[in-house]
Amino acid sequence: MDKTRQFEAMMLAHLDAAYNLARWLLRDEQNAQDVVQDAYLRGFKYFDSFRGSDARPWILGIVRNACFSWLEKNRQADRALAFDEERDIDIVDGHSPVARSPEESLIRKLEQARIDQAIDGLPPAFREVIILREMEEMSYEQISQVAGIPVGTVMSRLARARALLRRALAESEGKEQE
């Protein structure tokens with residue numbers, strides 16, 4: 001199998017996860033697309049150095065590094081752009097779409113926006129571990145590989161990120177009730 005086909009077979013399966021991580025780290029869809037494309041090109045260039053059987057942490061590590069390089073270069077680590085994701089249907093039993101009432105849709109969108117805003121407000125190092133663990137469902141070991149930090153640091157960052165999220169969500173709930 002040639003290098004291109006082998007790379008595609010191993011790495012393209014993780015494209016959605018790569019984009020999701022980049023979108024959350026960069027807080028901008030277009031920049032995330034650009035960075036993921038650059039990261040995949042870089043991954044292809046250095047594919048000969050890939051060792052192991054789990055391609056996901058390897059390619060997500062490249063995406064992560066590309067995101068932080070982009071942030072440093074563009075000095076946008078503190079700029080907050082709104083993230084908006086439409087969720088207008090529920091999936092029942094994994095396959096049947098069920099339309100929600102307008103009230104249910106609004107409540108769900110408001111709650112999701114509140115959660116997204118809380119995640120978006122986390123410092124990048126904490127936002128990263130939350131996204132990788134909770135959204136991408138990666139193990140501590142895989143997150144350790146992606147971020148290039150010890151497993152113990154992953155665990156402490158995750159605990160701290162969850163505490164910051166709880167605090168942010170409690171504060172935003174308190175403001176809504178005022």
Side-chain angles (χ1 to χ4, degrees), residues 14-36 39 56-57 59-61 63-92 98-178:
H14 309 296
L15 191 57
D16 288 340
Y19 173 72
N20 190 41
L21 176 62
R23 183 185 60 203
W24 277 101
L25 290 177
L26 300 177
R27 301 175 176 160
D28 181 82
E29 292 182 17
Q30 185 62 49
N31 291 332
Q33 290 172 0
D34 293 345
V35 168
V36 168
R56 192 173 188 204
I59 195 68
L60 291 182
V63 170
R64 173 202 184 266
N65 291 340
C67 287
F68 283 112
S69 293
W70 188 94
L71 285 168
E72 187 175 312
K73 179 181 173 187
N74 293 284
R75 301 195 187 283
Q76 293 186 351
D78 294 329
R79 191 179 84 172
L81 295 177
F83 174 65
D84 181 28
E85 187 172 319
E86 296 295 323
R87 292 182 174 102
D88 288 328
I89 61 170
D90 280 329
I91 303 297
V92 178
V98 177
R100 289 187 223 123
S101 72
E103 294 84 10
E104 290 171 325
S105 292
L106 178 61
I107 290 169
R108 186 168 177 145
K109 284 181 183 179
L110 291 173
E111 183 62 19
Q112 188 60 52
R114 196 167 73 88
I115 293 168
D116 288 351
Q117 184 177 14
I119 292 171
D120 197 43
L122 292 174
F126 296 128
R127 190 167 58 238
E128 170 185 46
V129 294
I130 282 289
I131 298 306
L132 293 173
R133 179 69 181 158
E134 304 302 338
M135 293 183 182
E136 296 303 326
E137 299 177 348
M138 294 182 82
S139 69
Y140 294 156
E141 292 79 17
Q142 290 173 322
I143 296 169
S144 170
Q145 288 176 326
V146 170
I149 56 177
V151 172
T153 304
V154 170
M155 292 171 25
S156 66
R157 282 187 187 175
L158 193 54
R160 186 122 183 257
R162 287 175 175 156
L164 290 169
L165 273 177
R166 277 192 296 276
R167 186 178 316 134
L169 290 170
E171 288 173 5
S172 70
E173 189 173 319
K175 289 178 184 177
E176 287 177 4
Q177 294 177 359
E178 288 178 357

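All values below come from the heavy atoms of this structure, side chains included, with hydrogens, waters and symmetry mates left out.
Under the 3.5 Å distance criterion, the side-chain polar atoms of Asn74 are matched with a main-chain donor or acceptor of Trp70. A side-chain donor-acceptor contact under 3.5 Å links Arg127 to the backbone of Asp120. A donor-acceptor pair is defined here as one N or O able to donate and one able to accept, closer than 3.5 Å; such a pair exists between the side chain of Asn65 and the backbone of Gly61.
One finds the CD atom of Glu128 at 8.5 Å from the CD1 atom of Ile143 (value rounded to the nearest 0.5 Å). Atom CD1 of Ile130 sits about 5.0 Å away from atom CG of Leu165, to the nearest 0.5 Å. Residue Leu132 holds its CG atom at 9.0 Å from CG of Asn20, rounded to the nearest 0.5 Å. To the nearest 0.5 Å, atoms CG (Leu122) and CZ (Arg160) are separated by 10.5 Å. Note that CG of Leu26 is 8.5 Å distant from CG of Leu21, once rounded to the nearest 0.5 Å. Remark: Leu60 CG to Cys67 SG distance equals 10.0 Å, nearest 0.5 Å.
Just one residue in the list Gln142, Arg162, Met138 forms a side chain to side chain contact (heavy atoms under 4.5 Å, CB included) with Arg133, and that residue is Arg162.
Here the closest non-hydrogen pair linking Val35 and Val63 is CG1-O, 4.4 Å. Taking all atoms of both residues into account, the shortest heavy-atom contact from Arg114 to Ser172 is NH1-OG, 2.7 Å.
Counting heavy atoms from C-beta on, the side chains of Asp116 and Trp24 come closer than 4.5 Å. Inter-residue side-chain proximity for Leu25 and Ile131 is flagged as unmet; no heavy-atom pair is nearer than 4.5 Å. The side-chain heavy atoms of Ile149 and Arg157, taken from C-beta on, include a pair separated by under 4.5 Å. Residues Glu136 and Val146 fail the side-chain proximity criterion, which asks for heavy atoms closer than 4.5 Å.
In this view, Ala168 and Ala118 satisfy the side chain to side chain contact (heavy atoms under 4.5 Å, CB included) rule, not counting sequence neighbours.
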